[in-house]
Amino acid sequence: MRVLNNIDVFQINTVGGSQEYYFPQNVSWAGKKINRIVVVGSTSQEGQTSPIDGQTSLLSVENLRNMYVDLVGKNDLEIARNLSAEQIIFFNNHIVNVNAVLKLQLCRFTFSLVPESGCFLVYVIYEESEKELLLSESVTIQFPLSASADITIKEIIDEYMHVKIERVTAVVAWNTDETPFYLTLRDEKDTFVFNSVHSCLMRSQTNNGNPSNSQIYPLALNFKDVDMDNSFVRNATNKDITITLTFFYS
Amino acid sequence: MNNKLSGGKLVLVHIKQLGINKIPYIEDLRDRCIKYIDFYPVTLLPDTDEPGVQDTTNMYISIADVFGNEYLIKDLPLERLNYEATFGVKQSIHKKISLQNSAINCQNANNVGKYVALIFWYDLPEFSARNRSDVTVVDSVTVPITNVIRYNSLPDEERMTGKRFRQILLGTPTITPDLRNALTLTQLKNIYITLRKGSYNVIENIPVMLFYQMQMLQKSIFANIIFDMQSSFLTIGGAGTATYADYVGKSVFLNFVYEK
């Protein structure tokens with residue numbers, strides 16, 4: 001099973017009718033081998049906001065259909081030219097792999113149609129590995145969360161879970177179209193990066209019989225020594241929702 | 001078992017009567033290892049104005065072994081091969097078969113006179129190869145639709161000349177990167193692609209919708225196939241008999257993943 005070790009996010013604001021947006025350069029994963037890049041927009045009717053600034057609205061996925069990605073490797077090797085964002089959008093069951101160190105100043109997103117004003121999220125998965133994980137123990141929890149509020153994993157455990165988890169091996173989110181949220185996991189030594197991961201990346205459920213909204217495997221990770229006080233779930237919408245989340249642990 | 005695709009060919013089976021309808025003999029598929037068979041439910045088919053079968057109720061397929069003596073598959077409901085119903089999870093064959101001894105059993109009177117569109121994925125070692133490198137490159141092609149009856153050639157992109165291709169991915173933008181209007185998803189269902197190397201059709205009349213992978217549960221990977229862009233083309237189903245004004249002037253957008 002493909003196990004992700006680190007997943008980071010950045011936000012691109014689409015403003016002023018510009019059709020070209022470059023990757024950020026001052027990031028922790030610069031110079032590292034990138035496995036996959038996933039773009040996230042909004043599919044739900046609920047107004048979703050970015051986890052980075054907490055206020056900019058996510059663009060609808062319709063805007064992202066007219067977006068393309070150019071990727072250049074560290075040796076000026078062109079890795080992708082006009083790769084349709086559909087091939088790396090979160091509901092694609094077969095995200096195109098990158099598997100290269102990128103020259104970030106030459107990597108960019110372009111739109112063939114001026115996008116609406118808002119933002120989209122780009123998740124960068126790096127240092128991924130192949131591991132045999134036995135997903136046997138799990139706990140599923142359901143809890144309410146107020147508009148734009150967050151709740152720590154410690155509070156979730158104390159109030160709803162009553163099971164101590166130290167090593168998370170996979171997560172599954174349910175009803176991700178109706179109840180979107182962000183999950184941030186931190187460990188005590190800051191070994192892993194799992195920043196504001198949108199629930200749509202953890203989906204594992206068919207929606208109206210459409211398998212494009214399901215994943216064959218849950219989002220597998222190998223996250224040890226979770227820092228309960230600094231790991232949290234954040235409501236991605238401006239309304240009160242009830243979140244259903246499954247943790248696989250050992 | 002090698003699951004990678006190399007050759008692909010659309011075969012139309014004329015449903016002349018209720019009961020057994022033989023699959024036609026195709027020379028290109030003789031003595032070839034057939035990997036998978038897909039059924040494509042669509043009305044407009046390439047090179048013919050006859051309608052295609054969409055309703056698979058009471059339709060069955062039987063596939064005979066290479067000697068024609070016994071059936072590898074006997075009366076399998078055609079729906080099992082319908083890529084829309086199986087979400088791209090292909091029925092594995094991985095054997096040589098005898099096409100002329102294989103048949104479709106039609107017990108649905110509404111389908112008599114129509115054609116069943118079957119896509120045979122077969123082993124084509126002459127035009128495919130093993131991986132030589134882990135490095136792949138993604139490139140794109142916009143194919144303008146200029147002609148509804150004849151061929152719409154792929155642009156001759158020099159940077160893709162002589163490459164070994166691993167994936168073909170259909171995109172469904174409204175505007176392509178070179179600012180052309182793209183065909184809608186409904187229109188794309190009537191578009192077929194032929195990829196040629198020299199005078200051989202490596203991929204022949206395959207519906208481009210089979211390359212719309214995002215909704216599928218099984219990914220299609222090609223075994224580093226080779227073809228010439230300048231002799232490859234797209235066609236529109238229906239042989240020019242329907243109204244196609246909406247197609248001309250628009251484009252089809254494809255991403256190709258090839259070995260560096």
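We name chains A, B, ... by the order of the sequence lines, and we start the count at 1 in each one. Below, all heavy atoms of this structure are taken into account, side chains as well, without hydrogens, waters or symmetry copies.
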Answer with yes or no whether the side chains of A:Thr140 and A:Thr246 bring together a donor and an acceptor at under 3.5 Å. yes

Report yes or no: do B:Asp55 and B:Asn108 form a side-chain donor-acceptor pair below 3.5 Å? yes

Checking heavy atoms, do the side chain of A:Asn82, its backbone, both or neither come under 4.5 Å from chain B? both

For A:Phe109 and A:Phe23, take the angle between the two ring planes, folded into 0 to 90°, and tell me which bin it lands in: parallel under 30, tilted 30 to 60, perpendicular over 60. parallel

With a 4.5 angstrom heavy-atom cut-off, is it the side chain or the backbone of A:Leu77 that approaches chain B, or both, or neither? side chain

A:Val96 versus chain B, the contacting section by heavy-atom distance below 4.5 Å: side chain

Pair A:Lys33 + A:Glu127, salt bridge at N-O below 4.0 Å: no

For A:Asp8 and A:Asn195, does a side-chain donor sit closer than 3.5 Å to a side-chain acceptor? yes

Residues from residues 250-260 of chain B approaching chain A under 4.5 Å (heavy atoms): B:Phe253, B:Asn255, B:Lys260

Most heavy-atom pairs under 4.5 angstrom with chain A, which of B:Asp139, B:Leu169, B:Thr172? B:Thr172

Less than 4.0 angstrom from a charged side-chain N to a carboxylate O is my criterion; do B:Arg32 and B:Asp123 meet it? no

With a 4.5 angstrom heavy-atom cut-off, could you sort out which part of B:Leu179 is near chain A: side chain, backbone, both or neither? side chain

Tell me, for A:Ile89 versus chain B, whether the close heavy atoms (under 4.5 Å) come from the side chain, the backbone, both or neither. side chain

For A:Glu78, is it the side chain, the backbone, both or neither that has a heavy atom under 4.5 Å from a heavy atom of chain B? backbone

Can you tell me if A:His94 and B:Gln167 form a side-chain donor-acceptor pair at under 3.5 Å? no

Is a donor from one side chain sitting under 3.5 angstrom from an acceptor on the other, for B:Arg166 and B:Asn224? yes

Are the aromatic ring centres of B:Tyr36 and B:His94 under 6.0 angstrom apart? yes

